[in-house]
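The structure appears right after this line, and notes come after that.
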2 protein chains.
Amino acid sequence: MDFHLAALKAFVSAARESSFSRAADCLHLTQPGLSKRIRSLEDALRVELFDRIGRRTVLTEAGRAFLPYALRILAEAEQAGQLLRSLQPAQIGKLHLATTQHIGLYYLKPLLAEFVRQYPGIDLTVDFKTSAETHKLLCQGELELGFMSEPPLHEQALEYVEVLNERLCFAVAQQHPLALLEALTLQDLARYPALLPGSNTRCRRLIENLFQQHATPLDVREPSNYLEALRMLVEAGLGWSALPEVMISSGLCRLPLPQYEPARTIMLAYHRKVSLSGPARLFLEWLKEHPPGLHSVA
Amino acid sequence: MDFHLAALKAFVSAARESSFSRAADCLHLTQPGLSKRIRSLEDALRVELFDRIGRRTVLTEAGRAFLPYALRILAEAEQAGQLLRSLQPAQIGKLHLATTQHIGLYYLKPLLAEFVRQYPGIDLTVDFKTSAETHKLLCQGELELGFMSEPPLHEQALEYVEVLNERLCFAVAQQHPLALLEALTLQDLARYPALLPGSNTRCRRLIENLFQQHATPLDVREPSNYLEALRMLVEAGLGWSALPEVMISSGLCRLPLPQYEPARTIMLAYHRKVSLSGPARLFLEWLKEHPPGLHSVA
DNA sequence: CATCTCCATAATGATTTGGAATGGATTTTC
DNA sequence: GAAAATCCATTCCAAATCATTATGGAGATG
């Protein structure tokens with residue numbers, strides 16, 4: 001009897017979610033991937049852990065019996081990890097990083113909280129900058145690590161690490177006329193003002209390109225570079241915008257234009273030639289094992 | 001942090017043995033294999049678990065700290081396995097198997113003890129037969145499973161599973177003249193009577209072939225088919241014999257002829273066309289995960 | 001100094017794993 | 001009741017991992 005801890009995590013996650021696909025999302029895995037991890041665990045234990053009856057998946061009796069053991073094993077492993085970290089020579093030093101407001105607010109907060117909890121010796125400074133500012137600071141070597149949306153041109157001197165992908169949705173206020181229409185086209189959108197960030201942002205380019213491809217002129221207003229501010233203005237009914245999925249709040253209406261929704265990549269960048277400090281290397285390594293995602297927002 | 005339970009076992013075993021190579025033997029693994037399992041665990045935990053100082057390998061402080069967690073995790077897994085087995089529909093029925101005296105005595109005893117402990121519902125019958133008898137019974141369908149040394153001809157109708165390999169050593173009594181010689185040749189051996197089992201045994205054939213290849217005539221006595229009996233006669237000083245390594249007891253002297261020591265394979269066989277009973281299938285499966293070896297004799 | 005033992009590394013072949021695409025089954029919706 | 005959507009299994013393929021053999025280096029041994 002011999003299995004991977006990852007299989008245990010898959011099992012626990014699936015049991016908790018009562019769904020393979022949701023569990024797969026949680027673990028940043030595809031559904032077939034998770035399916036196979038569970039199968040491998042079942043093979044190792046020579047027991048069916050789940051009843052797959054049609055749409056519903058429920059733990060079998062054996063599954064229910066095994067769950068507490070799985071939890072204990074994972075807890076032991078977690079504790080062991082904590083202990084071993086505490087035994088290591090304390091990781092201390094300064095870590096300076098920059099992020100856009102949006103990334104910091106929606107993805108980074110829980111991540112950084114967990115990081116400083118694990119490494120209390122690290123003196124973390126976070127600057128909120130626009131992607132363009134961050135980019136420049138990195139090139140000049142005045143910043144170690146920076147989160148940004150994907151820049152239009154990748155700088156030779158910088159190394160980019162993809163962190164996550166984000167879908168931009170078209171949104172208006174609930175009371176906006178567009179919210180009432182059944183079927184929408186880009187032309188419908190174009191009849192109302194668009195509230196977009198500055199033209200050096202990825203977001204702005206994505207939308208402008210989209211409309212250009214469909215030969216539709218666009219009435220762009222540029223009230224702010226900050227997505228938070230744009231959302232507020234959209235909620236106030238001043239126009240429509242394209243906002244990341246996670247920002248769609250109850251005051252907004254997401255327009256049903258899924259085929260046009262562009263995606264943008266959020267990246268972490270650092271200078272190739274500037275050798276990273278210990279804390280920075282640590283953070284990079286740590287980030288690999290703690291991929292940020294929507295689940296940490298919820 | 002994510003590792004394979006097999007890596008934990010490797011770690012525990014290496015810690016217990018204070019040696020990678022011995023640990024590898026215990027786990028029926030090669031030394032580089034075990035080495036890499038340990039390395040993978042160290043990578044996952046980001047800690048060195050062993051100090052490799054020259055010949056000696058000792059646990060690091062981190063290793064000592066981790067060991068109790070590893071033991072607890074493995075214990076939990078073991079318990080979980082027990083529980084799941086107990087939940088399964090009771091495995092009951094008759095299991096009839098045959099074995100040579102030697103295999104039964106030296107390898108099977110602890111194995112069968114563990115098997116009946118895990119599956120108390122199974123009514124186990126073990127017959128002691130020679131390999132040839134077992135072979136015949138299997139072919140006639142009068143026996144489900146049989147352990148035997150590798151037969152000279154594989155029967156088409158039978159399926160053979162390799163169970164383990166055994167090295168045959170040349171042995172004499174402590175007081176025998178051969179025990180005193182420094183350098184030995186096969187010719188030296190040939191000057192004294194050989195005590196070997198019947199000519200339909202693998203063991204006999206291996207030795208006769210060996211001497212034939214070296215064009216050395218052999219004085220064979222055939223006092224018994226049973227290796228136990230042969231050993232007794234060798235100990236009494238009646239001649240030399242080739243006995244499995246595990247049989248070399250304190251009264252015997254193993255002759256230093258390693259380059260001539262033949263190996264024989266011990267097999268488990270069953271009839272291809274006779275569909276196996278539940279308990280027999282269970283035993284076959286179970287055997288895969290509980291490979292017999294010297295460690296179970298000790 | 002030669003030899004032995006023990007562990008690490010390199011190279012290779014076999015097995016396993018993860019992902020995209022697809023299919024079958026069932027529930028939901030209209 | 002038909003269509004759509006949801007959910008899991010399967011298949012295929014590429015990439016990663018694993019175990020083995022062969023080899024090398026570093027300490028112990030004599």
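All values below come from the heavy atoms of this structure, side chains included, with hydrogens, waters and symmetry mates left out. Naming convention: chains lettered A, B, ... in sequence-line order (proteins, then strands); numbering from 1 in each chain. Predicted model, so just to flag it, every value in this text is computed and none were measured.
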Qualifying residues under salt bridge (charged side-chain N to carboxylate O under 4.0 Å, His left out), relative to B/Glu155, sequence neighbours excluded: none
Between protein and nucleotides 24-30 of chain C, map the contacts as a letter string: B base, S sugar-phosphate only, - none, heavy atoms under 4.0 Å, written 5' to 3'. --SB---
Listed once per pair and sorted, the side-chain hydrogen bond (donor to acceptor under 3.5 Å, both in side chains) pairs that draw on residues 60-73 of chain B, sequence neighbours left out: A/Glu76-B/Arg72
Using the salt bridge (charged side-chain N to carboxylate O under 4.0 Å, His left out) criterion, which residues pair with B/Asp188? Sequence neighbours excluded. B/Arg191
Tell me the interatomic distance from B/Asp43, atom CG, to D/dA16, atom C1', rounded to whole angstroms. 15 Å
Name all residues meeting the side-chain contact (heavy atoms from CB on, under 4.5 Å) criterion together with A/Ala179; count only those two or more places apart in sequence or in a different chain, and write none if there are none. A/Val172, A/Cys253
Could I get a table of every N or O pair under 3.5 Å where one atom is in the protein and the other is in nucleotides 19-21 of chain C?
{"from": "C/dG19", "atom 1": "OP2", "to": "A/Thr30", "atom 2": "N", "distance (Å)": "3.4"}
{"from": "C/dG19", "atom 1": "OP2", "to": "A/Thr30", "atom 2": "OG1", "distance (Å)": "3.2"}
{"from": "C/dG19", "atom 1": "O6", "to": "A/Lys36", "atom 2": "NZ", "distance (Å)": "2.6"}

Under 4.0 Å from OP1 or OP2 of C/dC6: is there any side-chain N or O of B/Arg52 that close? no
By nearest-nucleotide position on DNA chain D, the 5'-leaning member of A/Arg22 and A/His4 is A/Arg22
Can a donor-acceptor pair be found between the side chains of A/Tyr106 and A/Glu166 at a distance below 3.5 Å? no
Inter-axis angle, terminal five-pair segments of the helix from C/dC1-D/dG30 to C/dC30-D/dG1 [nearest 10°]: 30°
d(CG, B/Leu27; C1', D/dC18) in whole Å: 15 Å
At 4.0 Å (heavy atoms only), tell me whether A/Ser19 reaches a base, stays on the sugar-phosphate, or touches nothing. sugar-phosphate
Applying salt bridge (charged side-chain N to carboxylate O under 4.0 Å, His left out), name anything that partners A/Lys36, two or more places apart in sequence or on another chain. none
Suppose we screen for side-chain contact (heavy atoms from CB on, under 4.5 Å). Which residues come up paired with A/Arg46, at least two apart in sequence or across chains? B/Glu285, B/Glu289
Rounded to the nearest angstrom, tell me the gap between atom CD1 in A/Ile38 and atom P in D/dC7. 15 Å
Ionic contact status for B/Glu42 with B/Arg37, cut-off 4.0 Å: no
With the side chain of B/Arg39 defined as its heavy atoms from C-beta on, choose the nearest nucleotide among D/dC8, C/dC6, C/dA8. C/dA8
Can you establish whether the number of heavy atoms outside B/Arg272 located under 6.0 Å from its atom CZ is more than 12? yes
Applying salt bridge (charged side-chain N to carboxylate O under 4.0 Å, His left out), name anything that partners B/Arg22, two or more places apart in sequence or on another chain. B/Glu17
Under the side-chain contact (heavy atoms from CB on, under 4.5 Å) rule, collect the residues that match up with A/Ser40, sequence neighbours excluded. A/Ala7
Taking only side-chain nitrogens and oxygens of A/Thr57, does any of them come within less than 4.0 Å of OP1 or OP2 of D/dC8? yes
At less than 4.0 Å, is any side-chain N or O atom of A/Arg37 found next to OP1 or OP2 of C/dG18? Yes or no. yes
Please report, rounded to the nearest Å, how far the C1' atom of C/dT9 is from the CZ atom of B/Phe20. 14 Å
Whole-Å distance between D/dC7 P and A/Glu17 CD? 11 Å
A/Asp51 atom CG is separated from D/dC7 atom P, nearest whole Å, by 18 Å
May I ask you to verify if any side-chain N or O of B/Ser21 is less than 4.0 angstrom from the OP1 or OP2 atom of C/dT5? no
Measure CZ/B/Phe3 against P/D/dC18 and give the value in whole Å, please. 14 Å
Once side chain to side chain donor-acceptor pair (under 3.5 Å) is applied, do any residues pair with B/His214, and if so which ones, sequence neighbours excluded? none
